[in-house]
Each structure stands twice: as C-alpha cells, then as structure tokens.
Amino acid sequence: MARRSPVRDALGLLMQRPDHRAWSIEELLTEVLRTGHRTNPSSILRAIVAMERAGAVQRVDLGDGLQRYEATGEHHEHIQCQRCGSVAEIGGCLLPDTASRVRQLTGFEVTEHRLVLQGLCRECQEHRRAELEQRLADLR
C-alpha cells in the first residue's frame, strides 16, 4: 500500500468495523470527521482509491450512481432500501448453483456476479405503515 496517513489509517479502521457495510464517500467523510481528523471529500477519495489499488477495499456498485467501498473479503450480497437508500450486507452467496446453470443454458462461464436485492428497511416499513394509517384516519 502507499504511504500511511492519518486519513488512510482512519479509513482502514472504519473498513474493519464489525458492522461491515458498503460506505459512500460522503459516509466515510462524516465518520472520519467524527473521529476528529480534519479532511475533505477529495482527500477521502484519494485515500480510498489508493486502498482500492492496494487491494484492501473494493468498489461496490448497487446501481444507484453512488460509489461505495467496503473491505475486501469473502463474497456476499447486498440489499438496499428503496426509500432511504440504506444498504445491508447478506452474508455468503445466495446463488451457489447459478453458475453451473448459466453455463448449461448459455455456454458462458460466470467469473463473478453481484446481486443487489431491494426492499424496505425496518424504519421505512414503519414510516410507510404510519403514512397509511394517517391516510385511513384522514378518510374517516
């Protein structure tokens, strides 16, 4: 990896937190600032790109246009809330037999995949439920 810096060290600690997740640049900036480091978005981006080149982190594309990064590790899937955009990790692969099926059907050899499920997080489910209850109350 390139030379160490306080920002890169702070990012490394974030990437190793037990609440493993895919971080946007904005989320990384907020968390690094919260630790007391002085930085800016371009410094965060430079540090995370250097960490990606070194193989310590990988980019996660959830199809929403945000660049997200997470610690390199075992393959897993993601689920994203359609309302608030929050992302959760689903441990392991949900499609273990798919590669052989794809090969049978198409002749393609699957070399990698990314599965992003979408739904509503608990908080947004509760918010939606409250909205529906309010609409029903308004109709009465």
Side-chain angles (χ1 to χ4, degrees):
M1 185 185 286
R3 70 171 204 237
R4 293 179 54 170
S5 73
V7 170
R8 205 168 294 155
D9 290 346
L11 289 173
L13 290 173
L14 283 176
M15 292 294 168
Q16 299 306 319
R17 282 184 10 184
D19 62 336
H20 184 273
R21 60 184 282 199
W23 298 86
S24 70
I25 297 298
E26 293 79 17
E27 291 169 329
L28 289 169
L29 175 62
T30 299
E31 289 298 313
V32 170
L33 289 171
R34 194 175 303 191
T35 64
H37 291 86
R38 298 175 98 189
T39 190
N40 57 55
S42 60
S43 294
I44 295 290
L45 185 58
R46 279 192 307 274
I48 207 73
V49 166
M51 293 171 75
E52 182 182 21
R53 286 186 186 136
V57 299
Q58 60 191 14
R59 191 178 318 202
V60 177
D61 181 4
L62 300 176
D64 61 0
L66 283 179
Q67 291 184 33
R68 288 187 171 85
Y69 298 86
E70 65 185 5
T72 304
E74 291 188 29
H75 176 78
H76 57 273
E77 315 298 357
H78 296 93
I79 185 162
Q80 183 176 34
C81 181
Q82 292 171 307
R83 182 181 179 132
C84 70
S86 67
V87 178
E89 177 185 312
I90 302 168
C93 182
L94 297 177
L95 307 173
D97 301 324
T98 302
S100 61
R101 180 100 170 108
V102 167
R103 188 176 205 155
Q104 277 181 329
L105 294 172
T106 67
F108 277 78
E109 180 179 338
V110 176
T111 56
E112 68 177 76
H113 76 270
R114 289 183 177 82
L115 175 65
V116 179
L117 302 168
Q118 294 191 342
L120 292 175
C121 68
R122 284 187 181 128
E123 214 172 273
C124 288
Q125 289 174 53
E126 290 172 13
H127 193 269
R128 182 180 67 172
R129 200 173 357 247
E131 285 176 342
L132 290 174
E133 288 172 3
Q134 184 61 50
R135 285 185 197 160
L136 285 173
D138 291 346
L139 290 174
R140 294 181 189 145

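Source: prediction; values computed, not measured.
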- Please tell me if the side chains of Trp23 and Arg17 come closer than 4.5 Å, counting only heavy atoms from C-beta onward. yes

- Nearest 0.5 Å please: distance from the CD atom of Glu26 over to the OG1 atom of Thr30. 8.0 Å

- Task: Could you give me the CA-CA distance, side-chain angles and deciding distance for Glu77 and Cys93, then say whether side chain to side chain contact (heavy atoms under 4.5 Å, CB included) is met?
- Result: CA-CA 6 Å; Glu77 315 298 357; Cys93 182; 3.6 Å; yes

- Message: Determine whether a donor-acceptor pair (N or O, by modelled atom type, separation under 3.5 Å) exists between the side chain of Ser24 and the backbone of Leu66.
- Response: no

In a table with atom names and distances, give each donor-acceptor pair under 3.5 Å that connects a side chain of residues 44-54 to protein atoms at least two apart or in another chain.
residue : atom : partner : partner atom : Å
Arg46   : NH2  : Ser43   : OG           : 3.2
Glu52   : OE1  : Arg59   : NH2          : 3.2
Glu52   : OE2  : Arg59   : NE           : 3.4

- Query: Distance-only, no hydrogens or angles: does the Glu31 side chain make a donor-acceptor pair with backbone N or O of Leu28 under 3.5 Å?
  - Reply: no

- Note on the structure: Grouping ILVMFWY residues whenever side-chain heavy atoms fall under 4.5 Å, the cluster of Val110 otherwise contains Val102, Phe108

- Mark yes when over 12 heavy atoms from residues, nucleotides or ligands other than Glu131 sit less than 6.0 Å from its CD; otherwise mark no. yes

- Query: Of the non-hydrogen atoms in Ala71 and Gln16, which two are nearest, and what is the gap between them?
  - Reply: CB-NE2, 3.9 Å

- Message: Less than 4.5 Å apart, side chain to side chain, heavy atoms only: is that true for His113 and His75?
- Response: yes

- Less than 4.5 Å apart, any side-chain heavy atom of Ile79 and any of Val116? no

- Message: More than 12 heavy atoms of other residues, nucleotides or ligands under 6.0 Å from CD of Glu123: yes or no?
- Response: no

- Message: Let me check something: do Val87 and Leu120 share a hydrophobic cluster, defined by ILVMFWY side-chain heavy atoms less than 4.5 Å apart, either directly or through other members?
- Response: no

- Looking at CD of Gln118 and CD of Gln82, how far apart are the two atoms once the value is rounded to the nearest 0.5 Å? 5.0 Å

- Any side-chain heavy-atom pair from Leu132 and Leu136 closer than 4.5 angstrom? no

- Query: Between Thr39 and His37, do the side chains contain an N or O donor and an N or O acceptor separated by less than 3.5 Å?
  - Reply: no

- Could you give me the CA-CA distance, side-chain angles and deciding distance for Leu62 and His78, then say whether side chain to side chain contact (heavy atoms under 4.5 Å, CB included) is met? CA-CA 8 Å; Leu62 300 176; His78 296 93; 3.9 Å; yes

- Residues Arg114, Glu112: salt bridge by 4.0 Å N-O rule: yes

- Indicate whether the side chain of Glu70 and that of His76 have a donor and an acceptor atom separated by less than 3.5 Å. yes

- State, with a plain yes or no, whether a side-chain heavy atom of Leu11 is found less than 4.5 Å away from one of Leu13. no

- Message: So which atom in Cys81 and which in Cys121 form the shortest heavy-atom distance, rounded to 0.1 Å?
- Response: SG-N, 3.3 Å

- Side chain proximity check, Val60 to Tyr69, heavy atoms < 4.5 angstrom: no

